[in-house]
Amino acid sequence: MISRLHINSTEVLISKSLSDFENEFNHIFTPYKRVFLLMDENTQVHCLLAFQRVFPSTIEINKIVVAAGEQSKSFTQAEKIWQQLFDAN
């Protein structure tokens, strides 16, 4: 299952697993030209290639990587992530 969060003209999609992501990929991402993948360092090492294989080459993939661990689960880190997203838009 993929959760959706709408903020102004931006849609944020949240997936808990690669299989959920792959199952819903075709009808969700067809209209998109650019996506952002938010991940921690461990996910980047172990899962990023699997996610990248799902996207066609016509979609620009932008990565936001945070440090692994509980210190990355903070309001300060969330603010930095949102700023990166706003700056990229």
Side-chain angles (χ1 to χ4, degrees):
M1 183 175 113
I2 291 183
S3 301
R4 294 170 184 252
L5 174 65
H6 297 273
I7 302 172
N8 296 328
S9 63
T10 301
E11 183 176 23
V12 177
L13 305 174
I14 302 167
S15 173
K16 292 186 177 185
S17 73
L18 181 59
S19 62
D20 287 347
F21 181 79
E22 287 180 302
N23 289 338
E24 298 196 36
F25 172 79
N26 286 329
H27 70 275
I28 289 177
F29 290 100
T30 300
Y32 294 103
K33 294 182 172 111
R34 177 171 65 162
V35 297
F36 289 83
L37 296 178
L38 172 61
M39 66 198 80
D40 71 10
E41 296 163 328
N42 293 328
T43 303
Q44 182 180 21
V45 170
H46 300 290
C47 304
L48 178 59
L49 288 177
F51 273 102
Q52 287 177 319
R53 286 187 204 120
V54 175
F55 290 103
S57 60
T58 57
I59 295 178
E60 177 187 344
I61 299 173
N62 296 273
K63 300 177 292 187
I64 298 176
V65 182
V66 298
E70 293 300 312
Q71 72 277 10
S72 295
K73 298 174 185 173
S74 67
F75 287 115
T76 301
Q77 186 63 44
E79 183 179 9
K80 290 177 184 177
I81 293 166
W82 282 113
Q83 189 61 54
Q84 286 180 281
L85 291 169
F86 285 125
D87 291 346
N89 201 7

Query raised in the report: What is the minimum heavy-atom distance between Met39 and Leu48, and which atoms define it?
Result: CE-CD1, 3.6 Å
Query raised in the report: Hey, what do you get for CG (Leu37) to SG (Cys47), rounding to the nearest 0.5 Å?
Result: 11.0 Å
Query raised in the report: Which distance, rounded to the nearest 0.5 Å, do you find between the CD1 of Ile59 and the CZ of Arg34?
Result: 12.5 Å
Distance-only donor-acceptor pairs under 3.5 Å for side chains of residues 76-84, two or more places apart:
unit_1, atom_1, unit_2, atom_2, d
Gln83, NE2, Asp87, OD1, 2.7

Output a table of donor-acceptor pairs, distance under 3.5 Å, between side-chain atoms of residues 60-69 and any protein atom two or more places apart or on a different chain; print 'none' if there are none.
unit_1, atom_1, unit_2, atom_2, d
Glu60, OE2, Asn62, ND2, 3.4
Asn62, ND2, Val35, O, 3.4

